[in-house]
Each structure stands twice: as C-alpha cells, then as structure tokens.
Amino acid sequence: MNPTVLRIEALTVRYGAVTACAELSLSIRQGEFAVLLGANGAGKTTTLRAVSGLVRPASGRIELDGGDITRATPARRTARGVGHVPEGRRILPEHTVEENLLLGAFARRRDRSGVRASLREMYDLFPRLGERRTQRAGTLSGGEAQALAVARALMSRPRLLMLDEPSLGLDPRRVAEMFEYLARLHREQGLTVLLVEQQARVALAYADRGWVLDRGTVALAGTAAELAADPRVRHAYLGAPASADAV
Ligand SMILES: Nc1ncnc2c1ncn2[C@@H]1O[C@H](COP(=O)(O)OP(=O)(O)OP(=O)(O)O)[C@@H](O)[C@H]1O
C-alpha cells in the first residue's frame, strides 16, 4: 500500500462563532485522486485552506508525509509539497503568463535549470500558455486562466495538488479537458490530488475515492463508485429523484 501523503486528524476550524470544520479526519495515500463533496458551507474550502496554512485551526493535527505541518507557515508548506489552486484562481492579471508561472516556482528559484525545465513542461502541457507567455494574464480566457492557475501550482512540484472548484466559470468542454489533463498527471506522474468540486458527477468519474462533508465533518466516505451509487449522494449531488432511491 502506498504511504500516506496527507493526514488530517480531528481538525477544528472556527470563524468567530461559526465552526467550519468540526473534528474532521481524513487521509490520502500517495497517488490517490480524492474528492471532497458537500453542500455550500459544509467546510470544503476551509479544509483546503487549513492544509495550505491560510487559516489557523483551533485544534487538530495536519501531517504531510508523516511530518507535522499544523503550525508551519504557508510558504514552508509549499516548499514541503503542498500545492493549492484556490477558488477564483487568484492569478496576477497585470503580470505576464510567464511571470505568474515563475511565482509558482518561488521556493525553487535557486534551481534555475530545474525551473526552466518546468516552464517547458508547462508549455508542452498547455500549448496555449506557451503561445501567450509574454501576454498579461488578465487578457486570458477563462479556460486559459484556469490552466495558468493549475500550471502555477504545478511549478512548485507539489506532492499534493489541491484544487478548489476548478470547473467554476468553465464551459462543459473545458471542464472535461481540464479533468482529462488532471487525470493524465495523476496516471502518468502519480500526482496525489485533492479536489473540491460542485460538479459531483464529473468529479466522481475521475476520482478514486472521496468524502461527503456535512457541517464540517465527514458524513460519508467511500470509493468513487460507492459514493456514486449511494442513494444520499445520488439524490443530493447527482440529481436523482428521491423516489427512485426509495426502492
Ligand atoms: N472568512 C470567513 N468568515 C466567517 N465565516 C466563514 C468564512 N469562510 C467560511 N465561513 C463559514 O464557514 C463555513 C464553511 O465554509 P466553507 O467555505 O469552508 O464551506 P464550503 O463547503 O467550501 O462551501 P462553498 O461550496 O460555499 O465554498 C460556512 O458556514 C461559511 O459561512
């Protein structure tokens, strides 16, 4: 069995009086493609933010490759292999495509030849970014901007790539392309992926397994096939009528 890349133990995160994660525990093994599902406000985004160090947990523990990162700075976590594509992409519109990519490799900046090689890899993977490398990122289309956000996270050579709603604002064809691309990275490079996605059908088609969060805690866990067949998931996230599940 592959080693555990990410372990979250009894994570509690509060925003004032709101408890966003309530003793949440889950773990992901190397090379898994995992998905977090759940209604709005279930705590999915907060879980990713806690792993990348953007929110401070009230209690609990987060481990990466067996090492405690609960109190590490976000930069330290990036250097240790946490890649995060936040909701809304957060690319720098005034900077060029290439400058955005180089920012993703900031922790590796001394390895100039390695960074150059990664840039070439990204332009091979996303030829449109190569064509536009001297263009301001603000001029990219929605699909290209999403590709840039993913490529920027990959420039840090993450052990774990977390993506928050990567399908947001993309048309169905681009969503399929992006998932195909992630699946290829996962298959060919063994990249470990943790995805938050509202489009449960497409996410479960690509993921190995997942969790459904409810009020900050894991309500259901299973393989992607088990979740896709579960009446509660089918009804709440896959658009199946409740009556069809009653039999
Ligand atoms: N910055 C914040 N300040 C106060 N409350 C917040 C903040 N961010 C999130 N929350 C609250 O924490 C809870 C969990 O939110 P979170 O964004 O993690 O859920 P989510 O499952 O990602 O939902 P969505 O799909 O809507 O992004 C919600 O009740 C939300 O209103």
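Remember, it's 1-based here, ligands and their atoms both numbered in the order they're listed.
If you look at ligand 1, the protein residues with a non-hydrogen atom under 4.0 Å away are Tyr15, Val18, Ala20, Ala39, Asn40, Gly41, Ala42, Gly43, Lys44, Thr45, Thr46, Gln198.
Within the cation-pi definition used here (under 6.0 Å to the ring centroid, within 45° of the axis), Arg120 does not qualify as a partner of Tyr123.
For the residue pair Arg108 and Val115, the shortest heavy atom distance occurs at O-CG2, 3.5 Å.
Contacts of Leu92 classified as side-chain contact (heavy atoms from CB on, under 4.5 Å), with partners at least two apart in sequence or in another chain: His95, Asn100, Leu103.
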Return a table of donor-acceptor pairs under 3.5 angstrom between the side chains of residues 25-39 and protein atoms on other chains or two or more places apart.
unit_1, atom_1, unit_2, atom_2, d
Ser25, OG, Ala10, N, 2.8
Arg29, NH1, Asn2, O, 2.6
Glu32, OE1, Arg29, N, 2.8
Glu32, OE1, Arg209, NE, 3.2
Glu32, OE1, Arg209, NH2, 3.2
Glu32, OE2, Arg209, NE, 2.7

Please tabulate, one pair per line, all N/O donor-acceptor pairs under 3.5 Å involving side-chain atoms of residues 211-229, not counting sequence neighbours.
unit_1, atom_1, unit_2, atom_2, d
Thr217, OG1, Ala22, O, 3.4
Thr223, OG1, Glu226, N, 3.0
Glu226, OE1, Thr223, N, 2.9

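Counted by atom type alone, Tyr206 and Glu180 present one or more donor-acceptor pairs between their side chains at under 3.5 Å.
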